[in-house]
Student: 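Please see the structure below; I have some questions.
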2 protein chains.
Amino acid sequence: MQPVPAFRILLIDDHRLFNDGVKSLLNDQPDLMVCGQVFQASEVLSAIQRTNPDLILLDINLQGSNGIDLGKTILGHYPDLRVLILTMYSQPKLLDETRKAGLHGYLLKDATTHELLQVIREILGGNTYFDTNVADLSSTADNTFSDRFAQRLNLTFRELEIVSLIKEGLNNEQIAERIHLSIETVKTHRKNIYFKLDISKATDLVRFAIEHGL
Amino acid sequence: MQPVPAFRILLIDDHRLFNDGVKSLLNDQPDLMVCGQVFQASEVLSAIQRTNPDLILLDINLQGSNGIDLGKTILGHYPDLRVLILTMYSQPKLLDETRKAGLHGYLLKDATTHELLQVIREILGGNTYFDTNVADLSSTADNTFSDRFAQRLNLTFRELEIVSLIKEGLNNEQIAERIHLSIETVKTHRKNIYFKLDISKATDLVRFAIEHGL
DNA sequence: GTTCCCATACCGCTTTCGGGGTATTTTTCA
DNA sequence: TGAAAAATACCCCGAAAGCGGTATGGGAAC
């Protein structure tokens with residue numbers, strides 16, 4: 001019936017409806033088939049053994065564990081498997097962890113179906129894909145984000161340092177202590193940062209910093 | 001072609017993949033059809049007018065706004081519409097809010113497809129359905145991401161609303177205007193939020209909100 | 001039917017932030 | 001070797017946030 005065997009995909013997501021929905025979407029594709037669905041982290045390894053998948057779609061938010069660690073575990077046992085993280089979390093930190101864990105992709109759940117299919121085929125073809133919508137960094141991120149943003153937004157290194165500390169929740173006094181400056185200097189830097197980013201308060205800065213992975 | 005016209009269903013969920021998945025599931029049913037998909041709260045009313053649905057499947061966690069309020073608004077404009085909340089949040093309080101808002105159902109996203117179809121038909125038949133699996137999660141604090149729920153569960157609905165507005169960058173005055181409260185009340189809520197989350201300032205809150213997808 | 005929680009609202013007081021400046025010393029680099 | 005940019009530092013002042021209270025009405029819960 002199937003002239004070329006389809007790629008086998010295992011879905012791991014404790015949201016059954018999402019799981020079912022993706023299954024339905026994927027099974028519409030002639031070259032892809034869902035070989036199994038898992039709703040709990042504990043069942044993953046046995047399901048892999050049973051269903052022999054080529055690719056695993058893995059949610060981060062699993063009951064009892066987190067998807068990135070689970071992905072790492074899976075690769076430890078089955079190094080040839082491809083693993084794509086599929087998540088609602090648009091967090092550069094998580095994307096970074098995913099990359100560092102050696103997983104093959106990170107896609108947001110608000111991607112379109114078309115994007116999902118593209119990414120799946122990309123990964124099955126041996127490439128990786130890390131959603132650029134998570135942060136403004138290209139898929140070939142070899143240099144630090146800071147450098148890129150420093151240039152783009154004309155933030156100096158000192159300013160970036162202070163952005164980072166503000167993001168961490170330090171106030172002017174704490175920042176001054178931490179990097180051995182006068183509070184007044186910190187305030188000056190802060191003012192300059194606000195001016196350059198065209199914002200007016202710390203909450204804006206935190207949002208900006210997190211959204212841009214600073 | 002269709003001897004009996006199918007019920008028309010409008011999907012509102014900013015997770016496109018979930019949206020597409022459910023669409024695919026529903027369109028497999030002869031008596032149901034997805035008449036439209038909406039990814040943003042702002043587009044809902046015009047989409048209803050355009051697509052003339054019988055039932056709306058509504059996520060709670062829409063960017064910026066919240067599904068329950070949106071559902072209430074929808075019923076205000078279209079009282080004959082049926083609205084089913086479809087959410088990942090297993091919170092009795094939210095279920096309760098849904099019921100009080102006069103919406104017709106509350107189903108968890110980890111329901112099975114079969115359950116979803118059953119519930120949809122139940123609601124289209126004039127009944128309501130409120131998921132009995134909605135558990136008090138206060139006891140299950142085990143995995144990495146449970147803090148997202150655990151901590152969030154301590155926040156009341158009003159508090160969550162204010163968290164969201166603070167995250168958006170509004171100050172007390174603006175929040176007070178937006179949701180028609182006294183500034184003093186907003187300050188009180190803010191204090192309570194800080195206490196519950198064990199933080200002390202707005203930047204901490206923004207970080208918390210973003211990291212936890214609020 | 002009383003107790004607890006939530007949402008509402010106010011007061012006073014202190015600290016921090018944000019916006020307006022100015023100014024000196026390094027560093028960079030053309 | 002100069003000019004520009006970066007880093008440092010200070011002043012004033014008003015606005016906002018944060019912290020300590022107290023209080024009341026309405027539901028929900030038990």
Side-chain angles (χ1 to χ4, degrees), chain A residues 146-147 149-209, chain B residues 66 68-69 91-102 130 134 136 138 152-209:
Chain A
S146 308
D147 289 340
F149 276 94
Q151 277 197 311
R152 173 107 38 98
L153 302 160
N154 298 315
L155 290 183
T156 69
F157 286 112
R158 205 50 157 174
E159 286 165 352
L160 277 170
E161 203 177 355
I162 287 173
V163 167
S164 183
L165 294 173
I166 292 172
K167 189 202 71 178
E168 299 301 329
L170 278 63
N171 65 21
N172 290 337
E173 194 186 359
Q174 294 167 323
I175 292 171
E177 277 170 23
R178 176 78 73 85
I179 57 180
H180 310 294
L181 287 180
S182 151
I183 291 187
E184 297 301 327
T185 307
V186 176
K187 288 176 76 175
T188 301
H189 282 307
R190 197 190 269 251
K191 276 185 278 194
N192 293 333
I193 292 164
Y194 288 178
F195 177 76
K196 286 182 178 178
L197 301 184
D198 190 26
I199 58 180
S200 67
K201 53 186 178 309
T203 52
D204 298 331
L205 186 61
V206 172
R207 231 179 322 123
F208 177 88
Chain B
N66 107 52
I68 297 176
D69 286 347
Q91 278 183 252
K93 230 150 254 168
L94 289 177
L95 186 144
D96 215 45
E97 284 288 330
T98 303
R99 203 196 297 268
K100 282 187 188 141
F130 294 92
V134 174
D136 198 349
S138 50
R152 258 178 81 173
L153 280 173
N154 294 331
L155 294 182
T156 69
F157 211 76
R158 203 49 153 178
E159 286 164 353
L160 278 171
E161 205 176 353
I162 287 174
V163 167
S164 182
L165 293 172
I166 293 172
K167 188 203 73 179
E168 299 300 330
L170 277 63
N171 64 22
N172 289 337
E173 193 186 359
Q174 293 167 324
I175 292 171
E177 277 169 25
R178 175 79 71 88
I179 56 180
H180 309 295
L181 286 181
S182 152
I183 292 187
E184 298 300 327
T185 305
V186 176
K187 288 174 81 174
T188 301
H189 282 308
R190 199 191 268 251
K191 277 186 278 192
N192 292 333
I193 292 164
Y194 289 178
F195 176 76
K196 286 183 177 178
L197 300 183
D198 191 28
I199 57 179
S200 66
K201 52 186 177 312
T203 52
D204 298 330
L205 186 62
V206 172
R207 230 178 324 120
F208 174 87

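Just the heavy atoms: all of them, side chains too, but no hydrogens, waters or symmetry mates, feed the values below. Here is the naming used below: chain letters follow the sequence lines, and residue numbers restart at 1 for every chain. This one's a predicted model, so the numbers in the text were calculated from it and none came from an experiment.
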Student: If I take atom CG in residue A:Asn172 and atom P in nucleotide D:dT8, what distance separates them, rounded to the nearest angstrom?
Tutor: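 Distance, rounded to whole Å: 14 Å.
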Student: Can you check whether A:Ile193 reaches A:Lys196 side chain to side chain, under 4.5 Å on heavy atoms?
Tutor: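 Side-chain contact under 4.5 Å: no.
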Student: Less than 4.5 Å apart, any side-chain heavy atom of B:Ile162 and any of B:Ile179?
Tutor: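 Answer yes - side chains close enough.
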Student: Using only atom types and a distance under 3.5 Å, with no angle test, would you say the side chain of A:Gln174 pairs donor to acceptor with the backbone of A:Asn171?
Tutor: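 Yes, because the side chain of A:Gln174 sits within donor-acceptor range (under 3.5 Å) of the backbone of A:Asn171.
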Student: Taking atom C1' of C:dT27 as reference, at what distance in whole Å does atom CZ of A:Arg158 sit?
Tutor: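 Interatomic distance, CZ of A:Arg158 to C1' of C:dT27: 14 Å.
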Student: Rounded to the nearest Å, what distance is computed from the CD atom of residue A:Glu184 to the C1' atom of nucleotide C:dG20?
Tutor: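 Checked: the CD to C1' distance equals 13 Å.
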Student: Roughly how many Å is it from CD in A:Glu161 to C1' in D:dT8, rounded to a whole number?
Tutor: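 Computing the A:Glu161:CD to D:dT8:C1' distance gives 14 Å.
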Student: Please report the distance, rounded to the nearest Å, between CD1 in B:Ile162 and P in D:dA17.
Tutor: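 These atoms are roughly 13 Å apart.
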Student: Closest approach to the side chain of A:Glu173, judged atom by atom: which nucleotide of C:dA9, C:dA7, C:dT16 is it?
Tutor: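 Per side-chain heavy atoms of A:Glu173, the pick is C:dT16.
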Student: Roughly how many Å is it from CG in B:Asn171 to C1' in C:dG19, rounded to a whole number?
Tutor: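 Spelled out: CG on B:Asn171 to C1' on C:dG19 is 16 Å.
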Student: Under 4.0 Å between a side-chain N/O of B:Thr185 and OP1 or OP2 of C:dA9, yes or no?
Tutor: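 Checking B:Thr185 against C:dA9: at least one side-chain N or O falls below 4.0 Å of OP1 or OP2.
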Student: Output the rounded distance in Å from CD1 (B:Ile179) to P (C:dT8).
Tutor: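 These atoms are roughly 7 Å apart.
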Student: Do B:Ile175 and B:Leu181 have side-chain heavy atoms sitting under 4.5 Å apart?
Tutor: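 B:Ile175 vs B:Leu181: side chains apart.
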Student: Within the 4.0 Å heavy-atom criterion, would you say B:Ser182 contacts the bases, only the backbone, or no part of the nucleic acid?
Tutor: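 Touches sugar-phosphate only.
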Student: Return the set of residues passing salt bridge (Lys or Arg N to Asp or Glu O under 4.0 Å) with A:Arg158 (not counting sequence neighbours), or none when no residue passes.
Tutor: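 Listed in chain order: A:Glu161.
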Student: Select base, sugar-phosphate, or nothing to describe what B:Asn192 touches, counting heavy atoms under 4.0 Å on all strands.
Tutor: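 It contacts nothing in the nucleic acid.
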Student: Does a nitrogen or oxygen in the side chain of B:His189 sit under 4.0 Å from OP1 or OP2 of C:dT8?
Tutor: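 Looking at the OP1 and OP2 atoms of C:dT8, one of them is under 4.0 Å from a side-chain N or O of B:His189.
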Student: Just checking A:Ile183: base, sugar-phosphate only, or nothing, at a heavy-atom cut-off of under 4.0 Å?
Tutor: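 Counting heavy atoms under 4.0 Å across all strands, no contact is made by A:Ile183.
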Student: Quick one, B:Arg207 and B:Ile199 - any side-chain contact, counting heavy atoms below 4.5 Å?
Tutor: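 B:Arg207 vs B:Ile199: side chains apart.
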Student: Go along nucleotides 18-25 of chain D 5' to 3' and tag each nucleotide: B for a protein heavy atom under 4.0 Å from its base, S when only backbone or sugar atoms are that close, - otherwise.
Tutor: BBBB----
Student: Report the distance from atom CD1 of A:Ile175 to atom P of D:dA9, rounded to the nearest whole Å.
Tutor: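 Result: 14 Å.
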Student: For the side chain of B:Lys196, counting heavy atoms from C-beta on, which of C:dC6, D:dT8, C:dT8 is nearest?
Tutor: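 Between C:dC6, D:dT8, C:dT8, the one nearest the side chain of B:Lys196 would be C:dC6.
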Student: Can you give me the closest heavy-atom contact between B:Ala202 and B:Arg190, atom names plus distance?
Tutor: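 Nearest pair, atom of B:Ala202 first, then B:Arg190: CB-NH1, 3.7 Å.
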